[in-house]
Structures are given as C-alpha cells and as structure tokens.
Amino acid sequence: MSVYSFLKEIAHTDPATLGRKDFQTDQEVRWCPGCGDYAILAQVHKTLPELGIPRENFVFVSGIGCSSRFPYYTNTYGMHSIHGRAPSIATGVKVSRPDLSVWVVTGDGDALSIGGNHLIHALRRNVDLKILMFNNRIYGLTKGQYSPTSEQGKRTKSSPAGSVDYPFNPISLALSAEATFVARGVDVDAKGLGAVLERAAHHKGSAFVEIYQNCNIFNDGAFDYMTDRKTKAETEIRLEHGKPLRFGANGDKGIALDAQMNPMVVDVATHGEDKLLVHNETNAALGFFLSRLVHPEFPTPVGVFRAVTKPTFDGMMEDQLTAAKAKSKGGGVQRLLDGGESWTVT
Amino acid sequence: MSVYSFLKEIAHTDPATLGRKDFQTDQEVRWCPGCGDYAILAQVHKTLPELGIPRENFVFVSGIGCSSRFPYYTNTYGMHSIHGRAPSIATGVKVSRPDLSVWVVTGDGDALSIGGNHLIHALRRNVDLKILMFNNRIYGLTKGQYSPTSEQGKRTKSSPAGSVDYPFNPISLALSAEATFVARGVDVDAKGLGAVLERAAHHKGSAFVEIYQNCNIFNDGAFDYMTDRKTKAETEIRLEHGKPLRFGANGDKGIALDAQMNPMVVDVATHGEDKLLVHNETNAALGFFLSRLVHPEFPTPVGVFRAVTKPTFDGMMEDQLTAAKAKSKGGGVQRLLDGGESWTVT
Amino acid sequence: METTISKSSSTFESVAIRFAGDSGDGMQLTGSQFTETTALAGNDLATFPDYPAEIRAPAGSLAGVSGFQINFSSREVFTPGDEPDVLVAMNPAALKANIADLKQGGILIANTEQFGVKNLERAGYKSNPLEDGTLSAFRVFPVDITNITLRAIADVGLNQRAAVRTKNFFALGLVYWLFSRDMQHTLDWIQGSMAAKDPVVAEANARALRAGWNYGDTTEMFAQRYEVPKARIEPGRYKNMTGNEAAALGFLAAAELTGLDLFLGSYPITPASDILHYLSKQKHLGVRTFQAEDEIAAIGSAIGAAYAGSLALTTTSGPGIALKSEAMNLAMMLELPLLICDVQRGGPSTGLPTKTEQSDLLQVLYGRNGESPIPIVSASSPGDCFYAAIEAARIAVTYMTPVVLLTDGYLANGAEPWRIPDMASLPPIPVQFHTDPATFQPYARNEVLARPWAIPGTPGLEHRVGGLEKANVTGNVSYDPMNHDAMCRLRAEKVARIADSLPATEIFGDAEGDVLVVGWGGTMGALRAGVERARAEGHTVGHVHLRHLNPMPNDLGDILKRYRKVIVPELNLGQLWMLLRARYLVDAVSINKIQGKPFKEHEIARAIAEHAGSKA
Amino acid sequence: METTISKSSSTFESVAIRFAGDSGDGMQLTGSQFTETTALAGNDLATFPDYPAEIRAPAGSLAGVSGFQINFSSREVFTPGDEPDVLVAMNPAALKANIADLKQGGILIANTEQFGVKNLERAGYKSNPLEDGTLSAFRVFPVDITNITLRAIADVGLNQRAAVRTKNFFALGLVYWLFSRDMQHTLDWIQGSMAAKDPVVAEANARALRAGWNYGDTTEMFAQRYEVPKARIEPGRYKNMTGNEAAALGFLAAAELTGLDLFLGSYPITPASDILHYLSKQKHLGVRTFQAEDEIAAIGSAIGAAYAGSLALTTTSGPGIALKSEAMNLAMMLELPLLICDVQRGGPSTGLPTKTEQSDLLQVLYGRNGESPIPIVSASSPGDCFYAAIEAARIAVTYMTPVVLLTDGYLANGAEPWRIPDMASLPPIPVQFHTDPATFQPYARNEVLARPWAIPGTPGLEHRVGGLEKANVTGNVSYDPMNHDAMCRLRAEKVARIADSLPATEIFGDAEGDVLVVGWGGTMGALRAGVERARAEGHTVGHVHLRHLNPMPNDLGDILKRYRKVIVPELNLGQLWMLLRARYLVDAVSINKIQGKPFKEHEIARAIAEHAGSKA
Ligand SMILES: Cc1ncc(C[n+]2csc(CCOP(=O)(O)OP(=O)(O)O)c2C)c(N)n1
Ligand SMILES: Cc1ncc(C[n+]2csc(CCOP(=O)(O)OP(=O)(O)O)c2C)c(N)n1
Ligand code: SF4
Ligand code: SF4
Ligand SMILES: [Mg+2]
Ligand SMILES: [Mg+2]
C-alpha cells in the first residue's frame, strides 16, 4: 500500500460547503490600513470557494514582500518562501502533485526583480500555476525603493535624483515568455478583478495576472489616473475577445493602426468601427501590441490579453511517467541493480 | 592629481593601426574542430579593428560555456566570469567607465537559463553593452543537455524521453525587455553576421544579437535548414528597414497579415507587393510580430528586428553625476562629516 | 529659554530612560531629541532604538510598538543600559511590551487616554494595569497626555489628527523637566527644521513641549527631580551617528583616501538599505550607486567596477550574502579589491529581519566552494563602522582582495555621540594602477603577495581574468596539479600575512589573570561594561575585542594563555568560540544568546563571575 | 575462446596498468573492458579514470589526454595504485602527461605511428623520447599499433578513419596477452553490444583484439608474461559501479524503502550531471526529474516537492551549493526532508571543474546566514555512494530535515567492482504522513524532535510554513525573543541527537597506539592502504573514516584520546581537521594536498611514519 493512498481514501471537503469565511485565517492581517492588498485578498477569498475544489487541495506559495504575506491570511496549504523563488517552489509542488491547485502570490519586486528569471521560465514551460503579481510599482516591505515597474525619474529613497531605470512592461514580458494566459486587473475594481481571477483559475496552464495595487504609504495614488471615476472612462480600456477596441464615455473612442503599424486613438464615429482593431485572445503578437498601450498616450487595457490552451508541463511530465510505467517490466529498483554487465564470485 | 589621470596622459593605441591579427591571442583555441564558434570569432576579430576604438578600450565579459571561452581568444581586456552573470559584471564595467566599449559573449544556456534575469534587466536599462548570444540550442560545455532554446521533444542526456519544455524565443524576449537593438545572425553567414555585428557595435545602447551557432558535437545540423544553399532562399528572410518582407528564390514570396492579424506567406505576384508588411526597425510591436515567424511554418528572419535610440543608463547616470558635481559646494567628505546637528565638547 | 528650576532635585551617576509607543507615536524622534539635548548637557550616553518588525502592524498592537532607550551618565557609558530607570508608555501595548524590563522601583509615565477598553484588549490586557494593582513594584505616574496636549494647543488650528500627533513632545517636555534638561536645543530644532516644513505644526509642537515641562513643574505629581552631572569627555565636535551612516561615510572617506571613485552595487534589504540610501545622495562626490535586480547582480556589478578601477562596494544582510557567495569566490579568484558589507540580522533564513544577531561570521568565512580565503573586519560600535570601513578598504586595495565588513542591525540603526574626525588626520591609502607593459604579468606578486591592478584603457596591459584556476604569474588558465596546490596556498598565505600589518592587540582591563573576555562586533559596549562591573567586584579580567576576524592578530595566541579562563560572549551559538578553540586549542567557554537583542551588562558580569569563581 | 599460453610467466601479487591516449582513442572503453575481464578473473581491483578537463582540446594536445588506471591484485585492493607498473601510451602527449608516474623499471608500450614530428611538437617534445634515450629507466616497447591494426583488419571494409579507431582493441589484446587474461568476455561484448550497433565495426574490433594478442604471442619483443592470482573476495554478484550511478541507485532505493516518489530538481554541472542523466531514465519508477533554469530553481522545486510529499532531491557541485545556500536555509527552517547531493570538484570559484577535491565540507556546514544546522553524510567509495544516499534519506525523513550528501569527482566518475545488494535485505525506512487534525500542530515534535509531515490534500491540516522565525509548536510567525532563542537551540539539538542513532564507530587496524588516521569521503582507499603499509612497517595505527560529518559520532572523542597522535589527511587545506580541533581540542595534524588528485598510498604511509616516529 502506497504511503499516498490515504489521500484517496480520506473524505475530502465537499467544495459546495465552502464559503468565503472558510478561506480566512486566524492571523491578524498586518498590511497598512488602506493598502490595496486588502481588496485583492477579499476577491481571492470570494473566488476560491466558487472553483469546486476542496480547500485542502489549494496551495499558495509566495516570496517576500508585503504582498507575499498573503498565504498567512488564506486558510489553505501555503508557503511564505524566500525572495523571488515562489515560481520555482510552486513548480515543484505542481509537478510532483498535479492533483493540487497551485497559486503564486508575488509583488513587482519579488516577481520581476530578483525573481524575474523563475517567473519567465515557469511561464515558458506552461506549468499549471495561477500567478498573481501585485504591482504597486514600489518595494513596499523594504520601505520604498523604486522597483522594475517604477516609472523613470521616480524619486525614492534609493533614487533621490530620480531613477534612470526604464521600467518593464510586465504584460509584454509575460507574453514574450510564452504565457498561455495573461491578464490585468485593478485592486479597487472588484468586479473586473473577480472576473479575471475566475478566468485565471479555470485556465489550464500558467496564468499570469498583473494586479495594479495601491501602496498608500510609499507610492500612493499610482493608479488614480485610471481608478478615479471622473477620468476612468478615458484612461481605461476593457479587453473583450472578438470585440473592437473601444473606450471613452460612450465608447466613442477606439484604437486603430496607422500606416506604420503604430497604434492610434481614433474617434469611432469618423473613423468607422470596422477599422478598429478587434481583440483576439489567441494572437500573442496582438496581445503584445495591446500591452504597448501605455498611459498617458493611451488608455490602459484591463482584462485578458491572451488565453490559449497548450499541453501543460506537469501534464506532459505525467504522461511520460504513465507511458514509461505502462512499458515497464516491473521489478522496481532490484531490476536496475541486477541489470547490465555483472559477474559472480563464489 | 587623480589616480585615473594617467588614462588621459598615456599615449593610446591608434585605432587606424589595428588589424584583425591584433585581436588574436597566444592561447590555443580549444573549441571542437568544426564548431560554429570559430566563424563567429573570426567575424568579431574582423569587426573590432574597424570601429575606431583603441584596443585597450575594449572589454569582453563572458559567463560559462563553450561560447564563454571567447575572451581568452580575443586580445583585449576580458573576464571569463561565472555562469550567467556576465551582463551584471559588464554593467558594472560600463557604468563605472563609460569610456570603454563593453561586450558580452554568452550562450543560450548562460544567457537564457541561469542568466535570464540579468540579461533582461541589462536590456531594460539600456546599458550600452553589445551582447552576443551564441545560440546552439544545447548546453555544449556540460556535454549535451537541452537548453531553453531547444525544441520541444528533443532527446538529450537529460531528456531521454524527449524534453517537455517549450522553448523561449530569444528575439521576442529581448524585445519585451525593451532592448533598443535586437538582431539575428548566423555563424556561417559571414557577410550577414559581419553587417549585424557592425551595426550592433555602432549602436548606442544595449544591443542584443542572437547568433545561430552549430554545435557539431551535441546538436549538429540544428540550423542546416536555413544554411543549406539549396533551401536557404525558402527558409530565410532578410530584414531591411523600410522594405517589404520578401523572400524565396526570386523574392517571389512575401509576408502579409491576414484578417486576424496573423502572418501568412503570400505569393507576391498574386497578392500585390503593396500589401506586404513593410519592415520598420523602430516599431517594437512589429519586431515582436516578426520574431514569431518560426520555422517550419515561416522563413526565419535574419538581420535587425529593432533599432531605436534612447538615452543609455550609463549616460544618464553620468549626467546625474555631472549635474550633482556642478551644484556641489566642494569640501569633499569633510563637508558631510561636518554637516547636520553637532555639538562641541571642550 | 530660561527655565526656572523648582522642587528638590537629587543627583545620579547614570539614568536610563525608555520611550515606548505605537509606531506612529514618534518615539524615535522623541528619543533623538532627548539624546542631542543630553549630549549637549555634557553627559556620555548610549542609545538603542527598537523598531517594530518589518510588518506594518495595526495601531495599538503589540507588534507595532516602537521604543527608544537612552542611557546617560557622568561616567563613561558603554551600553544603553540593562534596565531602564524610567519608562514612558504611550499606550497599553507599549506598557505590556516593556514593563518587564523596568527596574524595580522605577518610574512609569503612562498616557492614560490610551488605556481604554479597546486598546487594553489589543495589547492583551484583561483589566487596566494602571488600576488593578499589578504595577505596585513601580512608581506609576498616570498622565492624560493626549488631552492635556490637545488643550494646550487648542487654538493653534490643527485638525484633531495632527494635533494628537504632537503628544510625544508633551512627553518629551515632561521628561526634560524631570531630568533638569534645557529645552532650548529642541525648541531651536522645532523652529528650524520643523517650521521650514510646516510652521503651524512647529508651533503646536513647541507648545506641547512647553506644556509637558510646565506640567511637571506645576502639578503635585512629581515630588522631586533628577540631575546627572557632566561626564569627562574627549574634547571635540560631536554628532549623533548611526552605524549605517558611519559605514557609508567610511566608504566615502576610503574613496577619498585612495583617490578612487566609489561604486556601490546593491539590492535593498533590511537592515542594510540605509547605506544604499545614504550613498545614492552623494553623486556630487562621484559616487555611483546601482540598485541591481538582485544580490548577485549587485555584487556582479561591483566586480565589474573593481576590474575597471573603482573602489567597489556591495552592501547586504545575511540572506544576501548567501546569494553573493559564488560571486565572492570569483572576486577572490580574480584577486580584485572589493568591499562586501554584511549588516547582520536575525537568522536563519528570513529569520527575524529587523532584529540583530552575530551569526554570519562562519558564513562569510567559509560559505564558498573550495579554499577561498577572504579577510574579515568587524565594527564594534555605531561610530566605529566609519573606521572599520576604512580599514576594510585599506586591506582590499593593499592586498588586492575582497574584504568582508561585518556590522549588525544593532550597530546599523543604533546611534552614539561620535567625535567628528578630521579627514586630514587620517592616513592616506596609496593606490597605484599598473601601467608598464614591460613589467606586467597579471598574476605577478609584490612584497605583500598582491598582484598588480591593471585597468582597462591602459595600453599594452590587455589581459583576461577568470574563475578557472590560473597559472602562477601569467594568470593563464592552468590545470596543472602542482600549480593548483601552490596557488591555493599562495592565496591563503596572502591573507594570513595581513596579520603582519596589524597593530598589537589592545587589552582592556587586566593584562593577565582570572578571565579573558574575547568578543567581536556590536557587543563591544556590553562586554566592556560587563568587564568593568566584574572588575569592580574584584575579579581580574581582561577584554579583547577583535576588529579582525580573518586573519586574527598575531599576538592573540599569547594573550589567550595569560588567563585561567577564556570566555567568548556572542549573539550566536558560538562561532568565534569555535574558531578560537580550533586555532589555539584553548578550552574557551561560549556565552551565547540569540534573542535578537544585545547582551545586558549584568549578563556578562555574571558570566565572568561564574568562571572566575570556578578556580579549578 | 581457448588461448594457448606460450612463453614463460611469473606471478605477481599486484599490478597497476595505465592506458593513456587522446580523448578520441577510446581509453575509457579499453579500461572498462580490462576491468571487467580482470574482475571475472577473480582479482580484487580499483580503477581511476582521468578525463581531460572540460575543454575539448585539439587532437594530440596535452590537454586532450585521457587516461584509465587499474590496480588488480590477489589481495584486497584499496586504491588504483600509486605508480603504474605498465603504461600504454597511444601518442606522445599521453606519454608526456603520464611518464612521470611510471614506476622505475616499469613497462612502457608506445604506439610509434603517432610519434611523428607534428605530434611530438604538439606534446612539447623537442626530440623523439622513444629514441633519444630519455626513457632508459623503463622497459620500452615501441609498437606500430596503428599500422599493424590497419593491416589486420584491411579486408573488413572499414574506411580509414573508422579503421584507425579500432587500435585501442589491439592495445587491449596485447595487454590481455601480457597479463594472461581471457579475451572471451570482451569478445562476447563485441559480438553483443557492439555488433548490435554496427556488425562491421564489431568484426574489425574483434580482429584488432586478436591481432594484439597474437602480436604479443608471436613477436620476440616480450620475454615473459605476468600472472596475478585470484583474490579472496566475498561471494556474490558483482558489477562495475561508478559513484554517480551508485548515488542515483541509492536515491531510488531510498524512495522504494520509504514508499515515497522520488523528485529530482537539478541544473547540470560537472561532475554531478550524470546523476540527473541516470534518474531521468527512470520514469517507469515514478521518478520525476526537473531540469531547472538554475541551481536556485532546482532546489526551489525540490523544496516544493518535499512540501507536497515527495522524497525530494537536488544534485550539484560546489558552485551550485553556493547558489543554493539561501534555499537550503529555507528548507532547514521549514524542517522538510530534502536531499542535497554535492559532488565536490576542484575549487575555489570555477576552479578545476573536472578534478576532484574535498573542499566543500565547511561550505555545506556553515555557508548560510544564521544558525542553520544541517546534517552531513559522506560517501567513501564509488559503490558506497549507494549506501550513503540511503543513509542521507533515512536521516532526512526521520528527522524532517535537509541533509547534505557529499561525494566528489573521484568517486563520481571512478568505478569499482561492487557487490549487488538485495533490496529485500535493506532495512525499510518508515514514513507516515500526519493525517489527524485533532493532534495536528505544524511545529509539534515527536521523540526525536521531528515535526509532523502534513501534505497538501489532507483535509483539516491546512497550514502555512515560511522562512520567518516560527513559534514553537504552532509554527506561527513569532518575533518573540525567547522563542527565537529556544527554536535556534531546538533545531541544533534535533540535529545533534541524530548521533544517538548511529552505530559505534569502526576502527580499522589498531584500536589504540601511535597514530590515528581520521578521514572522510573519497580518500578512504588511500588512507586504508596507507595505514596497512604503515602497520606492515611496524607502527601501531588506527583508521577511522567518518560517514557522518554532522553530527559526528558520539564515541569519536574517546577514540581520539587513545592515540598519541591524530592525523587528518584531506584533499583540502584542513577542513575536518579544523572541526576536530575545535570540538575535541585535539592537537591533530593536517595532511593536505590540493592537486585535483587523490592521495597516493605512500603519501599516507610516509605521513604516518613521520608522526609515529616523533614519539615526543
Ligand atoms: C534575498 C533577499 N533580498 C532582499 C530582501 C529584501 N526584500 C524583501 S521584500 C523586497 C521587495 C519587495 O517588493 P515587492 O515584491 O514589490 O513587494 P511589496 O512589498 O511591494 O508588496 C526586498 C527587496 C529579502 N528579503 N531577501
Ligand atoms: C553555477 C554553475 N552552474 C552550472 C554550471 C555548469 N555549466 C557550465 S556551462 C553550462 C551551460 C552552457 O550552455 P551554453 O551557455 O548554451 O553554452 P555552450 O557551451 O552551449 O556554448 C552549464 C550548465 C556552472 N559552470 N556553474
Ligand atoms: S507598505 Fe504599501 S504595500 Fe506594504 S502594506 Fe503598506 S500600503 Fe501595503
Ligand atoms: S561542444 Fe559544441 S559548442 Fe562546444 S566547442 Fe564543441 S562543437 Fe562547439
Ligand atoms: Mg511592490
Ligand atoms: Mg549553448
């Protein structure tokens, strides 16, 4: 009898009985009052019970950062690991236990600074992970240095004369790393975020979700331009598969290509809706193109940039094992020991 | 008098006197006979004396791998460092000494596996480095394991059942990391490679050049499909700024967009040349699009995908120092020591 | 300001005060104002700020308590004091977290306004300790600090929230009164720095301060005042100095003394980040700071800068050292000067990031593959970080080697009054780049076994370095067995010989006798104070505090033999202890503590007494 | 095959032969064929393959020389032999690189065809050593191996290049003849494995082999033949086993003994990669191998797999350990079972990647921030890697801890005849995942201080682990000072107590007396042989070879006291030596060598004699 067989015999939690409360822990939540992380936590707690997965089958892995304290506040299996390495650890969890639903929670520093390589490799391999990157464009936990997503010229403790770093575009990067699901949400946009989280959760393969998150202590208001009710319509554009790219108060504006293949904002009425770009979640190059729509020249896209299905890393590895076992002549390790050239001394 | 002033006073080598021979070293070249690295070495030795730079102002930094032995064979300043870290080390050289011409030589494993993060961060910052990545789609030095550019299903020592990794597309990745110069060359294509190297050398900012390189020991023939004279015309497409994308025996074929914004191969005669995509080195999204043209569905693009000029990291840092010095009241460290609250004990 | 002194006052040799409150209560500012005023009053002093852990804890919670302790005296002071004589507790959590330390019979001043049901609960109190008799061992002074302050500044025109935030100045004023301190320095500061930002806030704080003073002076509450006379202090100009700032200044000074440009490659990490912050403001001095994507890139960039001719530095804490070790090894092999500053924190793993510990010694000594000798220098007080940084740089450029500077969280954030040095009085550190092609061999060695530093841009010295074993003299790659053996020993010998450049080891106290206390790093003050106590109790005790951990001083072996017992107090489980035993075969005793906190004087004194006693 | 024995033959107790040629000359294959045949002939034996360094050197160059040495005997054999009795040199470079080792009066067989001007020059010879008299100290047998072989296989129909490549089988045949070995095993192999790939090539090789034999038999060159009688060897089935294969098999066996699935996260690095290669072929046993993007991801994935319930493993060499150290520390803090296999190579930095060394001991012991106790197990011979791997796994799952297994390049690539174990005879290693929510506390501890292993998927045991200090029992984040102190000591105590589970230390040789030789790892054979020699010379000498470096066995301290002198031979600059001195205050002597090569028997014997002699 295998040491693992109890997992099959034991009575698993009935997912239908689970509610938001079941995912809260007894640990005091220690983010600053007003931090955007609270809203994201709430959305995740709302999403998890809806997925039809027993609570004990969730694993949350994080790195280090304010955002990375997330697992303590989520009553599942979890690991608050070391800085930047969560994608690797989560890969080990998922590859060894494809039956689990494995999530990574990370920050812009954790994921893109020290952890950039693990992130893009996990995405490239299409390991079936849900990766939530809280982007507050700052290192929160270490008290306010610029991060790889901070805008150039930003003055912080470590860049008193203004940072000379150009920022990464996380969506571009994820797409170039061959991620099969790439999306963006915003902390205060509960509905939009909820929808994106749900789609990510149901995606089979690696899902990368960038979540704009306000750090009200060290980078307050970074996303006000697009969360402010007054300007939102002009500064945000919602991506919908198969739909033309429209935004503005009454959808009066749209995105089209100019002759040089550069994007431009057009007036829908005069330009014609048929000449607008149409969103297509399956086209990586188009997704990349959309990721280049950057404030203030363009409205910021939110929603799903790319969603395609390809065999997952963990799935293919499992298949190889299954195939090898089917072909195996049995005999376990003894057969290996006995194999090859040998001689007998009597 | 500064410790560095000798650099200004000393007689520098007249670049006009330099020839290819001046860049060869007395070290025995220890690549396998037939290795593509030889051809690349020859092209670099040909390019360097043409740049108008004194030999002593070149620094070559490499990581670990067959390719990374390059500095030993190039008579400039050089460092054969540790695995994957060459971009960081080169950044330190360039940032501290903007007067130097700093080159990185790396392999697909060194640059994209262990060193992936340093590579994309160097590119993002636009540090003025020339990065040559020898892509043989294998780990050569460690005797043949699959690399992050190996095709899926490849059987190697570490993937006897075929690798389940999806490969990176290095050009896509470099573009998404905001590289200002991105190009591709091929070891045996001396002319094309020479042209790309020369443009990279003259580019002000970080230049990423992927060089297809045959490892005749562990991955022989990986690029035969496009180096073979017989098939070359159909499998390779040369990128030229402002020119429509044509290839084939007599340029009879071209690349155009279909209605879904996906690329398609068209017959120029029937489709019309004006409907072909026109290459534009300044459009990152277009560059990305072109990077998705992958064998065997499409011809492989060679040449320059992207070339734009932006202030460099080292240049901006230098400007900040200059500005700060101009505003400084002098007094050196003593002024700092003396500043702030203090009291006197007598 | 002229302050009239009323009520009786008595004189004390030393007093320790701890201010404690919520993170938002401004306790650090209160502490530093009290420190400066006390320094101006001519006392010797030591301080200890105690920040909450990295998390941002909810208001009123135990995790959010911030403290600041100052020990001031008419004699020489080595530590912030074991047990405060006075505790100012701005809320129940601050009381709960600190009351255990308050001396029996000590003074407790508590802000009663904060002792409502909710806050009591947050701090885990079932009943109000100010009322339930549990504090009977102390002299308790409940003061409604918040409301008195609010009344005092009512007409300044601040909103409620901002007004409440001035209450720390009320507390400060009250304590100034209690210890007969002059308020002028703080008033000047308020009218200067604070008023520049917001004159209204400044006015409110000035009033709060005066209100606190007046409260002490007028109410019947305090029967007497305390005075601590001036200490005899070396004349000079002083300022308050933290370890991180001193280290940064030391690196800057080393750059000036060598004539080199300073380059810092770093990745932020608690408690080292402030060095990066400080140096990034010094661009006018030609300092380049590079915030890298991780620790490996940070040291990588510094190695590049060193190769190119900078005074190269990388700063981090323990987990960062773990990541840098492969590159440290490369620097060792390249024999390039490189400064690696490790501001130690509580380990292992992420551990206790905001707490102090001395547990990276063996890591920096041994944490690399192969035989990889790297010199180690340590700093023993906040201000000493300045001199230790310069010494690290001297070794690095003289011997062409990476050097580790060990400081710790206690030194880094702690502050001490520090005599401002005169740059002209510091010995220069000569550096000469090699320029002559005729005499150039990349791995030739001079009289101290250092190889030449030949920087790019120098014609005729083009050469390649790397991490593979190199042939002696030429530096070419070499797989020759005997060469490898010789090079490993040469590198070890080079580092061992640094000991020849060190001054004789200073012994504090008795030059021979019962007990020798050997320490290193930030425990200096506690050890010295403990030794003083033990000597006062009649034991013959010496104290050696090592600046150099690798190599150790040549005379140390002899010194160890002069005492019947050697004890090695460390904030780890016995790391220097292990090294001393291995090297000198001395049956030393490890005194260890690993609580994220410095030693107390009495802990050391007790340990000494114990081992001095066992005259076996 | 019946082989007629002609010419006179004399009997020897032991013979060592070294085959040396260019990388392309097939010396490793020649060596392994000779090994198997010799094993079948009933000799005890030890082998040492000596590959060229990582670079692919040009044909005929010194850097490209590949060697294989075998020592076989009618007695017990511990090492491949100090100085070969016979050297087969396939080209001038092979001669140059190896002649210094050949015993005075030894036999040299050289392939004259290769001694043309060009090859002589490539090897750095000014004149032909076969002709200039410089080899007069040896019995030189110049044979035109290439051309005789070509003639012998002329009609098989191979092209020139392929034909030339059979010459190693000619050499093998010749040596078989010289040592009266039976060719049948090799002929079987040629007709089996080789013929399956290419029957023509097989036929050519078979002919070349016979031609070599016949050459010895018919020419006048060799006056006599040699015989080495059978040794007394423990009965059983044997095979040739390399250290890397044995380690891989050991991990597989441990998985079977625990009932766990094996997970390997690794990044290729010399000389560890072959473990990855071997395990990636075992998917049918449920083994998952993950080739990660770097060493950190490799161990990260293994930590994830351990958390999820696998027997998790990561394999690497020294530079990789440097990179893994932060994550090793996390695993220590998480108290998860994790196997970390370090196949040591020449350091520091990139060092000598293809050479052996024992210089990572202190790195794996101390190379982490904070107090981070991790058990260390080492293997002492190629085949012993199997048992050492199982022991590492036993400790990991029993004590819930990461464990380091140290092997080295010499063990990894070296092979020895190895008695095939019976899985059923190995003690099972019980593992029980925790399942009961009622009794679950993530950091509760059992009688050996291990915490429970509760894997995802188990209802009611949802819990969070992490790298911050954790509260005893609950495992919640804790900044409590006393808890931190207690946890640091608990973790240390847990590891220290592993010693209670170890058997009494075995002493080879004298149980007390003049000298105790203490060693660890791959030097076992040389130390044992050296001790035997010294004892034969009349010294009373004991040998203790440590499998466990952390914790060390409980009885070691007592054993050390029973000898007048303790010597510690290591392929480093004295790492175990340092630990023994620190721990036991024993004035041990370090015998060190750091040449990328194993000890010679006589080096050890000499050292013993020296220290046994100094009867002071
Ligand atoms: C190895 C290591 N290096 C550095 C740190 C310090 N550190 C902790 S979190 C962090 C950055 C956090 O930024 P981000 O991921 O954006 O998280 P946030 O706090 O903003 O949510 C840094 C630099 C660390 N803990 N470990
Ligand atoms: C820290 C570390 N890990 C692993 C290695 C082993 N290693 C050396 S080169 C290499 C991969 C080389 O591949 P690539 O960069 O493609 O170079 P190539 O040899 O193919 O030119 C590896 C894994 C090493 N030297 N150092
Ligand atoms: S510092 Fe910023 S990101 Fe961190 S908890 Fe506070 S508000 Fe949130
Ligand atoms: S192994 Fe491959 S890449 Fe390396 S030198 Fe040989 S042919 Fe070139
Ligand atoms: Mg952030
Ligand atoms: Mg490669």
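Remember, predicted model here, so these are calculated numbers, not experimental data. Chain A is the first sequence line, chain B the second, and so forth, proteins listed ahead of strands; every chain is numbered from 1.
The choice from I114(B), N169(B), L119(B), I120(B) that makes the most heavy-atom pairs within less than 4.5 Å of chain A is I120(B). Considering only heavy-atom pairs separated by less than 4.5 Å from chain A, the leading option among H121(B), E178(B), M317(B), H118(B) is H121(B). Counting heavy-atom pairs closer than 4.5 Å to chain B, the top-ranked of the candidates P148(A), G315(A), A161(A), A174(A) is P148(A). Ranked by heavy-atom pairs under 4.5 Å with chain B, the list L112(A), V278(A), L286(A), L123(A) is led by L112(A). In terms of non-hydrogen atom pairs under 4.5 Å with chain A, the most contact-rich of A323(B), S113(B), A324(B), A284(B) is S113(B).
Nearest approach of A285(B) to F289(A), heavy atoms of both residues: CB-CD1, 3.8 Å. The two residues Y166(B) and N126(A) come nearest to each other via the heavy atoms CE1-CB, 3.9 Å. The two residues S172(A) and S176(B) make their nearest non-hydrogen contact at O-CB, 3.4 Å.
Atom NZ of K325(B) has more than 12 heavy atoms from other residues, nucleotides or ligands within 6.0 Å.
Among residue pairs with one or both ends in residues 111-127 of chain B, those qualifying as salt bridge (Lys or Arg N to Asp or Glu O under 4.0 Å) are D165(A)-R124(B), D165(A)-R125(B), R125(B)-E293(C); sequence neighbours excluded.
Using non-hydrogen atoms only and a strict 4.5 Å limit, the part of residues 290-312 of chain B facing chain A consists of R292(B), K310(B), P311(B). Residues of residues 256-263 of chain A placed with any heavy atom under 4.5 Å of a heavy atom in chain B are listed by number as L257(A), Q260(A), M261(A), N262(A).
Under the 3.5 Å distance criterion, the side-chain polar atoms of N117(B) are left unmatched by any main-chain donor or acceptor of G115(A).
Every residue was checked against the ring pair (Phe, Tyr, Trp, His ring centres under 6.0 Å) condition with F208(A), not counting sequence neighbours, and none meets it.
Heavy-atom distances place both the backbone and the side chain of L173(A) under 4.5 Å from chain B.
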